[in-house]
Every structure is written in C-alpha cells, then in structure tokens.
> 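Let me give you the structure first, and then I'll get to my questions.
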Amino acid sequence: MPELPEVETTRRGLHPWLVGAPIAELVVREPRLRWPIDPDLGDTLRGRTVRDVLRRGKYLLLTLDTGGALIIHLGMSGSLTLAPPGTPPGPLEPFDLVFGHDRGLCVRMRDPRRFGALLYSDRPLAHPLLASLGPEPLETGFSGSYLWRRARGRTIAIRDFLLNGQIVAGIGNIYANEALFGAGIHPHRAAGRISAPRYDALAHAIVTVLEGAIAAGGTTLKDFAHSTGRPGYFQQQLKAYGRSGAPCPRCPGMIVRLTGGARSAYYCPGCQR
DNA sequence: AAGTTGACCTGAGGGC
DNA sequence: TGCCCTCAGGTCAACT
C-alpha cells in the first residue's frame with residue numbers, strides 16, 4: 001500500500017494532533033514486525049514530547065525532544081489511525097502509541113502482513129535505512145536531468161529503476177506505473193536508453209501524479225486508511241495501474257498487464273514506447 | 001557495480 | 001462450503 005502519497009497523507013493527518021504531545025505509553029501487542037520492536041523502547045519513549053512529524057520517502061519520523069526520532073514504516077499493508085478512546089485493538093494491530101497527560105490520544109498501527117517497522121534512532125537521517133535514500137521527488141534536487149544522469153549505462157527496466165529508493169525516494173509500483181503512463185514510456189524500457197527530454201517528461205509526470213494522489217488522500221486498494229480511518233480516493237483516477245483489459249484513456253489501445261518480473265507492470269502498447 | 005531472486009507475512013479472490 | 005493456488009501497496013540480503 002503505502003507509497004509516498006499515502007505516507008504523506010498519514011503525516012498530515014497526525015501532525016496537528018501529535019506536535020507538542022507527550023508520550024504516555026507504548027503498548028506493544030505484537031513485536032514481530034520486519035524487525036522486532038526493541039523491548040526497552042517503551043522506557044525510552046515514556047515522557048518524551050513530539051517536536052514534529054516528518055516524512056522521508058516512505059518513512060514517517062516523529063522527532064522528539066531527545067533530538068532523536070521514532071522511525072515508522074508502514075510496509076505493504078500498514079496504516080496509522082487515531083483510535084477513538086475505548087476502541088479495543090484487533091489482532092492485526094501490533095502497537096499503540098498513547099499520548100497526552102490524560103492519555104486521551106491513541107495512535108494505533110494496523111499491519112496485517114507485519115512488514116512494517118518501529119525503530120528509534122538518535123540521528124534518524126543518518127540511520128542506514130534513510131541515509132542512502134535518493135532525493136525527494138517533490139523537493140529541489142529532483143529533475144529530469146538528475147534521473148537521466150543516474151541512468152547512464154543502466155540496463156534495468158525504467159519501472160524498476162523508479163522503484164529503487166536510492167535513485168528517488170517514495171515511489172512504489174502504483175505511481176511508477178502511473179508516471180510512466182503519463183510520460184508515454186514503456187515500463188520495461190532500459191533506463192539507460194531513454195533520452196534527456198523524455199526524462200524531463202517523466203520527472204514532470206512523477207510530480208503531477210504524486211501531487212494528484214496527495215490531493216486525493218492517497219490510493220486505497222485494500223488496506224490503506226487516513227489517520228481518521230477514511231480511505232483515499234486516488235484509485236478512481238488511476239489510468240494504467242490495475243486496469244488490464246480496460247480501454248486506454250489516451251489512445252484507442254487497451255491497458256495490458258506485464259508479468260514475469262517480481263511485480264506486475266501495467267501499460268498501453270498503443271502509446272507507451 | 002549492477003541485476004536478479006528469495007525471503008519475510010497474512011489475507012483476499014478466483015477456479016475447481 | 002472448502003481447498004488450493006496466485007497475487008498484493010516494500011525492501012533487505014544473498015547470490016550471479
């Protein structure tokens with residue numbers, strides 16, 4: 001689920017509630033996430049105050065008054081919601097972060113596949129998971145010429161190139177496919193065999209699709225929910241992803257699903273080269 | 001160095 | 001109804 005727009009949607013939903021809030025308790029019901037939750041983490045966090053809620057790629061960062069930060073990753077199927085007081089947790093909800101002097105605020109993690117992560121780091125941006133991430137696609141430093149430069153000599157399929165967080169942070173399979181549709185580029189084309197002007201179009205398409213998805217509150221295929229529990233609506237605007245057999249929105253062609261790789265690619269043979 | 005594959009997990013959906 | 005198979009938004013680690 002959660003690619004950059006979904007994590008950003010989550011960040012925006014939590015930010016006004018968490019900034020300045022003291023952590024009352026970390027309740028861990030299932031420590032076996034991607035990495036086991038540190039058994040001492042609750043002691044580390046108790047009484048600390050949240051300074052800011054930030055995002056880097058697909059990672060959420062709750063910076064604390066310690067100078068460090070909680071690093072949260074939603075994995076494939078994770079979401080964070082503000083749990084109404086008294087709501088009993090379900091079995092697929094590994095932990096709660098309880099905030100406030102009156103313990104009135106509860107952020108609940110849901111993660112059916114347990115690919116998510118909850119870590120603490122004194123220097124989060126230097127953490128190995130974050131340190132090697134590429135530029136944020138919605139900030140300066142990202143451009144068509146940047147992508148073109150990084151792609152020199154690479155034979156990897158452009159779709160997989162975009163999925164590499166060390167090239168550009170936050171893009172997953174949905175938005176890689178949508179951006180390639182927008183730019184008219186075949187998802188299996190070798191990254192090193194795409195011209196600089198086409199990379200300009202691709203960078204533009206990436207920004208457009210990510211901003212559109214954030215405006216729609218993300219894409220909910222199955223699991224994703226806002227901090228309020230509401231789904232995102234960008235799935236109604238998807239032009240290629242998940243639409244195999246449906247008509248192309250741009251030409252008389254039909255969207256096709258390419259399998260064979262690790263993950264499906266969706267494209268229109270009529271207008272993507 | 002770059003590319004490919006397997007691994008980690010659970011749940012949903014389709015075919016029989 | 002139920003069983004078996006395939007697939008799913010991520011990404012690290014091991015291998016060629």
Side-chain angles (χ1 to χ4, degrees), chain A residues 1-10 29-37 55-60 71-80 90-95 109-119 127-134 137 149-180 187-193 206 209-210 213-214 216-226 231-238 240-245 257-266:
Chain A
M1 131 223 185
E3 305 182 32
L4 186 154
E6 291 74 34
V7 179
E8 178 62 19
T9 295
T10 302
R29 289 174 292 271
E30 173 55 86
R32 296 175 302 168
L33 302 187
R34 168 129 203 200
W35 298 282
I37 297 175
R55 180 189 56 74
R56 178 76 174 99
K58 297 168 190 168
Y59 294 90
L60 266 181
I71 302 172
I72 302 174
H73 196 284
L74 300 177
M76 276 290 250
S77 57
S79 56
L80 289 172
L92 306 175
E93 299 175 330
F95 67 83
M109 172 80 155
R110 176 181 164 82
D111 187 9
R113 292 176 72 181
R114 293 200 274 119
F115 286 164
L118 176 67
L119 307 163
H127 191 284
L129 291 170
L130 305 186
S132 59
L133 287 179
R149 228 179 316 119
R150 293 297 303 268
R152 291 311 82 207
R154 305 288 297 266
T155 59
I156 191 172
I158 182 62
R159 193 278 311 266
D160 295 332
F161 183 71
L162 295 179
L163 291 183
N164 181 349
Q166 308 201 359
I167 301 297
V168 55
I171 298 176
N173 201 30
I174 295 178
Y175 300 112
N177 279 279
E178 289 299 298
L180 288 166
H188 283 189
R189 173 169 288 277
R193 303 283 312 271
I206 287 169
V209 71
L210 293 179
I214 291 170
T219 298
T220 296
L221 296 181
K222 197 161 63 168
D223 294 318
F224 178 66
H226 288 208
Y233 294 102
F234 194 70
Q235 63 276 12
Q236 296 166 6
Q237 298 177 53
L238 294 176
Y241 184 88
R243 296 189 68 249
S244 51
R257 180 167 80 115
L258 283 177
T259 52
R263 28 203 355 159
S264 295
Y266 298 87

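In what follows, chains are A, B, ... by sequence order, proteins preceding strands, each numbered from 1. Keep in mind that this is a model prediction, so the values were computed, not measured.
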> Can a side chain N or O of Ser264(A) be found less than 4.0 Å away from OP1 or OP2 on dA8(C)?
yes

> Taking atom P in both dA1(B) and dT11(C), compute the distance separating them and give it to the nearest angstrom.
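The answer is 22 Å between these two P atoms.
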
> For Arg149(A), check side-chain hydrogen bond (donor to acceptor under 3.5 Å, both in side chains) against everything at least two apart and list the hits.
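With sequence neighbours excluded, Arg149(A) shows a side-chain hydrogen bond (donor to acceptor under 3.5 Å, both in side chains) to no residue whatsoever.
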
> Would you tell me if any nitrogen or oxygen in the side chain of Arg263(A) comes within less than 4.0 Å of OP1 or OP2 on dG10(C)?
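For dG10(C), OP1 or OP2 has a side-chain N or O of Arg263(A) closer than 4.0 Å.
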
> When you look at CZ of Arg29(A), are more than 12 heavy atoms from neighbouring residues, nucleotides or ligands closer to it than 6.0 Å?
yes

> Rounded to whole Å, please give me the gap between CG in Leu33(A) and C1' in dG10(C).
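My rounded result for the distance is 14 Å.
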
> Could you walk me through whether Thr10(A) and Ile72(A) pass side-chain contact (heavy atoms from CB on, under 4.5 Å), step by step?
CA-CA 11 Å; Thr10(A) 302; Ile72(A) 302 174; over 6 Å; no

> Set out, line by line, the N/O atom pairs under 3.5 Å between protein and nucleotides 13-16 of chain C.
none

> Send over the distance from Phe161(A) CZ to dA2(B) P, rounded to a whole Å.
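Atom CZ in Phe161(A) sits about 10 Å away from atom P in dA2(B).
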
> Between Lys222(A) and Arg114(A), which residue's closest nucleotide on DNA chain B lies nearer the 5′ terminus?
Arg114(A)

> To the nearest Å, give me how far apart CD1 (Ile171(A)) and P (dG10(C)) are.
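So the two atoms are 11 Å apart, to the nearest Å.
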
> Could you tell me which residues satisfy side-chain hydrogen bond (donor to acceptor under 3.5 Å, both in side chains) with Asn173(A), sequence neighbours excluded, listed by chain and number?
Arg159(A), Asn177(A)

> Pairs counted as Watson-Crick or G-U wobble with both distances under 3.5 Å: what dot-bracket string results for DNA chain C, using | for bases tied to another strand?
.|||||||.|||||||

> Once you round it to whole Å, what is the distance between P of dA8(C) and CD of Gln235(A)?
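Whole-Å distance recorded here is 17 Å.
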
> Please report the distance, rounded to the nearest Å, between CD1 in Ile174(A) and P in dA8(C).
11 Å

> Could you check how far CG of Asp111(A) sits from P of dA8(C), rounded to whole Å?
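Computing the Asp111(A):CG to dA8(C):P distance gives 18 Å.
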
> What residues, two or more places apart in sequence or in another chain, satisfy side-chain hydrogen bond (donor to acceptor under 3.5 Å, both in side chains) together with Arg243(A)?
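With neighbours one apart ignored, the set is empty.
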
> Look at the rings of Tyr59(A) and His73(A) and say which category their plane angle falls in: under 30° parallel, 30 to 60° tilted, over 60° perpendicular.
perpendicular

> What integer number of Å spans the P atoms of dC3(C) and dC9(B)?
24 Å

> Do side-chain atoms of Arg257(A) reach the backbone of Ser264(A) as a donor and acceptor pair under 3.5 angstrom?
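No, Arg257(A) side chain to Ser264(A) backbone: no donor-acceptor pair under 3.5 Å.
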
> For Arg56(A), give me all partners under side-chain hydrogen bond (donor to acceptor under 3.5 Å, both in side chains), at least two apart in sequence or on another chain.
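For Arg56(A) the side-chain hydrogen bond (donor to acceptor under 3.5 Å, both in side chains) partners, ignoring immediate neighbours, are Glu136(A).
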
> So, is Thr155(A) near the phosphate of dG3(B), with a side-chain N or O under 4.0 Å from OP1 or OP2?
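It does, given that an N or O in the side chain of Thr155(A) lies less than 4.0 Å from OP1 or OP2 of dG3(B).
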
> Please determine if a side-chain N or O atom of His73(A) lies less than 4.0 Å away from the OP1 or OP2 oxygen of dG10(C).
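Result: no.
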
> It should be established whether Arg110(A) places a side-chain nitrogen or oxygen under 4.0 Å from OP1 or OP2 of nucleotide dT10(B).
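So the side chain of Arg110(A) is outside the cut-off, no N or O lying under 4.0 Å from OP1 or OP2 of dT10(B).
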
> So, OP1 or OP2 of dG11(B): does either fall under 4.0 Å of a side-chain N or O from Arg113(A)?
no

> For the pair Leu92(A) and Arg113(A), evaluate side-chain contact (heavy atoms from CB on, under 4.5 Å) and give the outcome as yes or no after the intermediate values.
CA-CA 8 Å; Leu92(A) 306 175; Arg113(A) 292 176 72 181; over 6 Å; no

> Are the ring of Phe115(A) and the base ring of dC8(B) both nearer than 5.5 Å at their centres and tilted by less than 30°?
yes

> Nearest whole Å is fine: how far is dC9(B) P from Glu93(A) CD?
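Taking CD of Glu93(A) and P of dC9(B), I get 20 Å after rounding.
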
> Rounded to whole Å, please give me the gap between CG in Leu4(A) and P in dT11(C).
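My rounded result for the distance is 11 Å.
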
> Is a donor on one side and an acceptor on the other found under 3.5 Å between the side chain of Glu6(A) and the backbone of Thr219(A)?
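Looks like yes, one N/O pair under 3.5 Å.
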
